[in-house]
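Just so it is clear, the model here is predicted, and its values are computed rather than measured. In each ligand, atom 1 is the first atom listed, and ligand 1 is the first ligand listed.
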Amino acid sequence: MNRDGKKLVGRRIVVTGAASGMGEGIARLFSSEGANLTLVDIDAERLASLAKELRAKNAVCDVSSEREVNTAVDSAARSMGGIDGLVNVAGILVRKQVRETGYDDFQRAVGVNLAGPFLMCRAALKHLEAAEAATIVNIASLAGLRSQPGMAVYSATKAGLVAFSEAFSGELGPTVRINTICPGVIRTPMIDFMFEAQESDGSVKNLNRAARPGTAEDVARACLFLTSPDSNFTSAATLAVTGGHFR
Ligand SMILES: NC(=O)c1ccc[n+]([C@@H]2O[C@H](COP(=O)([O-])OP(=O)(O)OC[C@H]3O[C@@H](n4cnc5c(N)ncnc54)[C@H](O)[C@@H]3O)[C@@H](O)[C@H]2O)c1
């Protein structure tokens, strides 16, 4: 923390999925905490506008493409002079019964939700290891910890990400910490379609013990904790940010 109480001053951080929802919330909070950011997303227009507003660098990139990830990470490291933190937020929802899920849906979900963080971590590793105290935060999902009928493929990608993060932590030296956040129901453009019905029948209050959907800022605050020195003895952890889920 510096004299203004800001927790990320001078930290060089890459955030994927930054053009919307939680990624945008994390980018806004990290920027206000003094971080030097490179924002990564596939949505070029929204990315450019947020990067301009936050005076951050940006890299348009499909995180499921090895070539695009390697280029984006190299350019982030070059323009920021290194990388101290990586936050993998980019993801897509597949909300379909298995019988209705095409193999292309499956491959896309695995590509973005699981290969994406793997490719980003692998590309960023040499930069993170060269930094003084580096952090990785992967955004998985409560769906990766609890079975979610109708979301088998999505749940599998997120369970895979939890396992990947835990196993990868064992390959990292003491200077790189890695943690996973499993958000519950968070009101973002990804799942906004759910809320009209839930608000009109009142079931939105039964989502969790907090009796409300989470916000991007709720997740961003947990991510700030895991990226800042406040969590310097926390690694290989999986943190449920769910408002207190019922099962
Ligand atoms: N919203 C929820 O309730 C919820 C709950 C648990 C976990 N999650 C996870 O949290 C993360 C953020 O979700 P959100 O709710 O903010 O969604 P969102 O749709 O608002 O944002 C996702 C962002 O990822 C980007 N993206 C998608 N595919 C990409 C790709 N191939 N390459 C680069 N960027 C890509 C999108 O352009 C978008 O900006 C996702 O990994 C999601 O699976 C969401």
Side-chain angles (χ1 to χ4, degrees), residues 14-29 38-51 56 58-73 76 86-95 104-105 107-120 123 136-146 148 150-151 153-162 164-165 180-195 198 204 207-208 210 212-220 222-223 238-243 245:
V14 178
V15 181
T16 76
S20 172
M22 287 179 230
E24 177 180 345
I26 290 165
R28 288 186 183 284
L29 182 62
T38 296
L39 308 180
V40 172
D41 205 287
I42 202 169
D43 182 338
E45 208 173 306
R46 292 183 62 148
L47 185 67
S49 124
L50 184 67
N58 70 82
V60 179
C61 162
D62 177 346
V63 295
S64 70
S65 157
E66 181 179 25
R67 183 182 50 79
E68 290 184 31
V69 164
N70 289 343
T71 306
V73 170
L86 168 64
V87 187
N88 286 307
V89 191
I92 54 169
L93 179 64
V94 177
R95 200 161 169 263
D104 54 339
D105 295 324
Q107 284 175 310
R108 189 75 190 134
V110 171
V112 179
N113 296 354
L114 191 51
F118 154 70
L119 292 169
M120 289 295 303
I136 302 170
V137 178
N138 287 329
I139 304 293
S141 174
L142 180 61
L145 302 176
R146 302 279 187 277
Q148 296 275 342
M151 296 195 346
V153 169
Y154 178 78
S155 300
T157 64
K158 295 301 189 177
L161 183 55
V162 171
F164 170 80
S165 310
T180 309
I181 292 177
C182 288
V185 175
I186 310 296
R187 190 156 195 170
T188 67
M190 179 181 275
I191 60 162
D192 214 32
F193 63 90
M194 281 175 33
F195 290 101
Q198 290 200 344
V204 74
L207 284 172
N208 50 42
R212 65 166 177 88
T215 64
E217 198 186 334
D218 291 324
V219 177
C223 192
T238 301
L239 178 62
V241 180
T242 61
H245 50 281

Fill in: Short side-chain donor-acceptor distance under 3.5 Å, Arg146 and Ser155
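There is no such pair between these side chains.
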
Discussion item. What I want to check is whether the side chains of Asn138 and Thr180 have a donor and an acceptor closer together than 3.5 Å.
Written reply: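 Judged by distance alone, the side chains do not pair up.
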
So, does [X] sit close enough to ligand 1 that a heavy atom of it is under 4.0 Å from the ligand?
| X | value |
| --- | --- |
| Ala140 | yes |
| Ile191 | yes |
| Arg108 | yes |
| Gly184 | yes |
| Lys158 | yes |

Indicate yes or no: at least one non-hydrogen side-chain atom of [X] is less than 4.5 angstrom from one of [Y].
| X | Y | value |
| --- | --- | --- |
| Leu50 | Arg28 | yes |
| Leu86 | Met120 | yes |
| Ile181 | Pro183 | yes |
| Cys182 | Thr238 | yes |
| Thr16 | Asp41 | no |
| Ser20 | Asp43 | no |
| Val112 | Val63 | yes |

Do me a favour and list the nearest non-hydrogen protein atom to [atom] with residue, atom name and distance?
| atom | value |
| --- | --- |
| atom 18 (P) of ligand 1 | Ser20 OG, 3.6 Å |
| atom 22 (C) of ligand 1 | Gly91 O, 3.9 Å |
| atom 34 (N) of ligand 1 | Ile42 N, 3.4 Å |
| atom 38 (C) of ligand 1 | Asp41 OD2, 3.5 Å |
| atom 14 (P) of ligand 1 | Thr188 OG1, 3.5 Å |
| atom 17 (O) of ligand 1 | Met190 CB, 3.3 Å |
| atom 43 (O) of ligand 1 | Tyr154 OH, 2.6 Å |

Fill in: Ionic contact status for Asp62 with Arg108, cut-off 4.0 Å
yes

Worksheet item: Does the distance from a Lys or Arg side-chain N to an Asp or Glu carboxylate O, for Arg95 and Asp105, drop under 4.0 Å?
Response: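 So Arg95 does not pair with Asp105 through a salt bridge.
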
Those atoms of ligand 1 less than 4.0 Å from some heavy atom in [X]:
| X | value |
| --- | --- |
| Met22 | 1 (N), 2 (C), 4 (C), 8 (N), 10 (O), 15 (O), 16 (O), 44 (C) |
| Ile92 | 27 (C), 28 (N) |
| Cys61 | 32 (N), 33 (C) |
| Val185 | 3 (O) |
| Gly21 | 16 (O), 20 (O) |

Worksheet entry | Pairing residues for Ser141 by the side chain to side chain donor-acceptor pair (under 3.5 Å) criterion, not counting sequence neighbours | none

Worksheet item: Which residues pass the side chain to side chain donor-acceptor pair (under 3.5 Å) test with Asn70, sequence neighbours left out?
Response: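 For Asn70, no residue satisfies side chain to side chain donor-acceptor pair (under 3.5 Å) once neighbours in sequence are set aside.
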
Do any nitrogen or oxygen atoms of [X] come within less than 3.5 Å of a nitrogen or oxygen of ligand 1?
| X | result |
| --- | --- |
| Val63 | yes |
| Ile186 | yes |
| Asp62 | yes |

Heavy-atom pairs closer than 4.0 Å: do any link ligand 1 to the side chain of [X], the backbone, both, or neither?
| X | value |
| --- | --- |
| Cys182 | neither |
| Asn113 | neither |
| Val89 | both |

Worksheet entry | Point-to-point distance, once rounded to the nearest 0.5 Å, from CZ of Arg187 to CG of Asp192 |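 If I round to the nearest 0.5 Å, the distance is 4.5 Å.
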
Worksheet item: Which option out of Val112, Val219, Asn138 puts a heavy atom nearest to atom 28 (N) of ligand 1?
Response: Val112

